[in-house]
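Here is the structure we will look at.
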Amino acid sequence: MLTSESGFPEWLPADRLVEQAFIDTIRQQFELYGFAPLETRAVEPVDVLLAKGETDKEIYVLSRLQADEDEPDEASLGLHFDLTVPFARFVTENQGRLTFPIRRYQIQKAWRGERPQAGRFREFYQADIDIIERGDLPITADLELIQALHDVVNALPVPRVRIHLNNRKLLEGFYRALGIEDIQETLRIADKLDKVGADGVRAMLIESGLGEAAADACLALSTIQSGDAATIRERVAALGQTHDLLDEGLAELAFVLEGVRTAHPDDIIADLSIARGLDYYTGTVVEGKFADIPDFPTVCSGGRYDNLAAGKGDEKLPGMGVSIGITRILSKVLAEGHLRASRRTPSCVLVALVDEETRQQSSAVAYALRQRGIPCEVYNTPDRFGKQIRYADRMGIPFVWFPGTDGADEVKDIRSGDQSPADPASWEPPAEDWHVRIEEVEP
RNA sequence: GUGGCUAUAGCUCAAAGGUAGAGCGCUUGAUUGUGGCUCAAGAGGUUGUGGGUUCGAGCCCCACUAGCCACCCCA
C-alpha cells in the first residue's frame, strides 16, 4: 500500500487486482442471496448524517474554494461515513417507487476524518447488505443477514472470521432492570471489555455513576460468552434481573444464534460484551473478527435499526443490515503477505514487436487473441527480445508471442521456457492462466 | 482532537560534530532479436522544510510539515 496521504490508501496495480477480485466475489455472493445493487451519491446533508446522534463522528464537510463569503453557508453537505444512513435516507425519499421488502447491496467508499491507524483509514471501501421492510421486519431477517455475512466472508481467501452476536434489547432491558438511566453511556463502556479489561470497565462504570453492585452486575453480564443458547439463558437468568425488554432481547439472540449455528457451529458465538458504537442499533448487533488475530479491529459488523428510515405518518420502516470492511481486510491480508495476484496485469500474452515494419502483424495477432477473449498486449518498441521477455517476466505475463514470417508464429511459456508453433486463430492458454488468479501464499 | 516516537537513494537501513554509504531494485554490457543465474560497469542525495548553535551539522537546539503508534472512535 502507498500512503502518500495518510489514511487515503492507494494500491499498486497488483494489489488493486486483489481488491477487485474481493469486490467481485462479494458482489457475486450478495447477488446469490438476491440483493439488488444500489449506489447512492457520496454526499448527504450534514443534518441527515448527524440525525442519529452521531455528533462526534468525524465527518468531512464539503465546501467550494470559490464560494463567496456572503453566500449562504452551503456547508450543509458532508461525505457519508457509512452506507446505512444514506440507504435509509434513500428509502425514506423513494418509498413510493420501491417494492418492500427492499433487499439491496451497496459496495462503495465511505469517509471518516479519524486519525488513521493500522487497519483504520479515512477513505475506505465498505460492502453492505440490508433489508428494510414496511411495518414490521421479522427476526428471521436478522438470521438471514447473519448467515449471508458468514457465507460472504468465508467465500473470501482470508483468515477465519468469528462472528460475535448480541442484542441491544437484552442489554438495555438488563440495565433498566438495574435502574440505570444513561443507557448509551453504559453501552459505550461495556463495549470496551476486550480493550480495557474487566477491572477497567468496572472502574469506568462506577465513575459514570453506577453503584458497585450495579457495576458488578453489568460486568457479569458482559462477560457472558457461549455458543449455546441454553447456556446463555441460564447464565443471564442467574444474574437475577427481570425486564420485558431483557426477555425479548434474549429470545431474539437465542433464535438467531441457534439458526446460524445449525450450519456453522464453530464460527459464531453469543458475546454479551458486544454493544456497538453506532447508536442507531435497536436489537441484534454483530461484529466479526479474525479468529486468530485478536488485536486486529472488527472486519465486519452490523445490526438491527428499527427507527433509521421513516415511513409516512406513523408507519415504521425497520431495517437490518451488515457491512464488510473491504479496505481493512485487504490491508491486513496484503501486509501479512497472505495473498497476491498471480500477475501484475490482466495480460495473459505479450505479443513481441519484431520491428516497425511488422507492427501491423503483431497487432493482428493481438486482435485475433482478443477476439477469443484472451487478454494481451503488444510490446511498445522493437527492443531486442531479451528485453521484451524480461518485461513479461516482471509483469508476470506467462506467455510471449513471437510473430514469424508466413504465419510461422511461435509462443513461449516463459515459466517453463517451452516454445512451440502457434496459430493466433486457435491457440489458447491453459484455463488457469487465462485470467489473473488470487493466490494464497504459504508462509 | 490529545499524548509519545520518527523523518538519510525508488525500498530497507548504516554513518557516535570532521569528505554521505551498504543491500535490494533500476540502467548498460558480457549475450549478435530469447529473460531468469553469474560477472562487470553505471545512474540515482540541496540528509522532510525553515531557522539557530558551532571553525565545521545528516548528527545538537527551536519551529513547521508529514508519517507511525496509543487514546477517542470504528469497517
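Quick note on labels: first sequence line is chain A, next is B, and so on, each numbered from 1. Everything numeric here is computed off the predicted structure, so don't read it as measured data. The analysis underlying the following values was restricted to heavy atoms, covering all of them including side chains, and did not include hydrogens, waters or symmetry mates.
- Taking 4.0 angstrom as the limit, A:Gln117 places none of its side-chain polar atoms (N or O) nearer than this to OP1 or OP2 of B:C68.
- Here B:A75 is the nucleotide among B:A75, B:U28, B:U34 with the atom lying nearest to any side-chain atom of A:Gln126.
- Between B:G35 and A:Arg384, no contact under 4.0 Å exists linking OP1 or OP2 to a side-chain N or O.
- On the C1' atoms, B:C71 is 31 Å away from B:C11, given to the nearest whole Å.
- Look at CD on A:Glu123: it is 21 Å from P on B:C74, rounded to the nearest Å.
- Ranked by how close their nearest RNA chain B nucleotide is to the 5' end, A:Pro116 and A:Thr298 are led by A:Pro116.
- Comparing A:Pro382 and A:Val299 along RNA chain B, the residue whose closest nucleotide (by nearest heavy atom) sits nearer the 5' end is A:Pro382.
- Residue A:Tyr391 contributes atom OH, which lies 20 Å from atom P of B:G25 at whole-angstrom precision.
- At B:A75, one or more side-chain N or O atoms of A:Ser301 fall inside 4.0 Å of OP1 or OP2 (strictly under the cut-off).
- Side chain of A:Phe124, nearest nucleotide from B:U34, B:C74, B:A75: B:A75.
- For A:Thr381, the side chain to side chain donor-acceptor pair (under 3.5 Å) partners are A:Asp383, not counting sequence neighbours.
- Stem analysis of RNA chain B (at least three stacked-register Watson-Crick or G-U pairs, each with both distances under 3.5 Å) gives B:1-7 with B:65-71, B:10-13 with B:21-24, B:26-30 with B:38-42, B:48-52 with B:60-64.
- Counting to the nearest Å, the P atom of B:C73 and the CD atom of A:Glu185 are 9 Å from each other.
- Looking at heavy-atom distances under 4.0 Å, A:Arg415 makes contact with a base.
- Residue A:Arg390 has a polar side-chain atom (N or O) positioned under 4.0 Å from OP1 or OP2 of B:U28.
- Across B:C37 and B:G44, the matching P atoms stand 25 Å from one another, rounded to whole Å.
- Rounded to an integer number of Å, the gap from CD1 of A:Ile329 to P of B:C74 is 18 Å.
- The neighbour count for A:Glu432 CD, taken as heavy atoms of other residues, nucleotides or ligands under 6.0 Å away, is above 12.
- Side-chain contact of A:Tyr60 with A:Glu123: a donor-acceptor pair under 3.5 Å is absent, judged by distance alone.
- In this model, a side-chain donor or acceptor of A:Gln419 finds a partner on the base of B:U34 within 3.5 Å.
- Nucleotides B:G10 and B:C69 are separated by 26 Å at their C1' atoms, to the nearest Å.
- Across the P atoms, B:U27 and B:G35 are found 15 Å apart, a figure rounded to whole Å.
- Across all strands shown, A:Ala118 has heavy atoms under 4.0 Å from sugar-phosphate atoms exclusively, and none from any base.
- In this structure, the CG atom of A:Leu156 is 14 Å from the C1' atom of B:A75, given to the nearest Å.
- Under 4.0 angstrom from either OP1 or OP2 of B:C71 there lies no side-chain N or O belonging to A:Lys192.
- With B:U28, B:A75, B:U34 as the choices, the nucleotide that has an atom nearest any side-chain atom of A:Lys387 turns out to be B:U28.
- Between A:Tyr379 atom OH and B:G35 atom P there is a gap of 14 Å when expressed in whole angstrom units.
- Residues passing the salt bridge (Lys or Arg N to Asp or Glu O under 4.0 Å) test with A:Asp409: none are found, sequence neighbours excluded.
- Going from atom CG of A:Asp393 over to atom P of B:G36 covers 9 Å, rounded to whole Å.
- Here B:G36 presents its P atom at 20 Å from CZ of A:Phe399, a figure rounded to the nearest Å.
- A donor-acceptor contact under 3.5 angstrom links the side-chain atoms of A:Arg328 to the base of B:C74.
- Heavy atoms of A:Tyr125 sit nowhere under 4.0 angstrom from any nucleic acid atom.
- For the pair A:Arg328 and A:Phe121, the cation-pi criterion (under 6.0 Å, within 45° of the ring axis) is not fulfilled.
- Within the nucleic acid shown, A:Arg394 comes within 4.0 Å of sugar-phosphate atoms alone, with no base atom in reach, counting heavy atoms only.
- For A:Arg188 and A:Glu185, the salt-bridge test passes: some basic side-chain N is under 4.0 Å from an acidic carboxylate O.
- Atom C1' of B:A40 sits at a distance of 32 Å from the matching atom of B:U46, rounded to the whole Å.
- In this pair, A:Trp401 and A:Trp427 present their aromatic rings perpendicular. The plane angle is above 60°, beyond the 30 to 60° band.
- A distance of about 24 Å separates the P atoms of B:G1 and B:U8, rounded to the whole Å.
- Residues satisfying the side chain to side chain donor-acceptor pair (under 3.5 Å) test with A:Ser222, not counting sequence neighbours, are none.
- Residues meeting the side chain to side chain donor-acceptor pair (under 3.5 Å) test with A:Arg41, sequence neighbours left out: A:Glu44.
- Straight-line distance between the P atoms of B:A9 and B:U47: roughly 10 Å, to the nearest whole Å.
- When the P atom is used for both B:C61 and B:C68, the distance is 24 Å, rounded to whole Å.
- In this structure A:Asp216 satisfies the salt bridge (Lys or Arg N to Asp or Glu O under 4.0 Å) test together with A:Arg202, sequence neighbours excluded.
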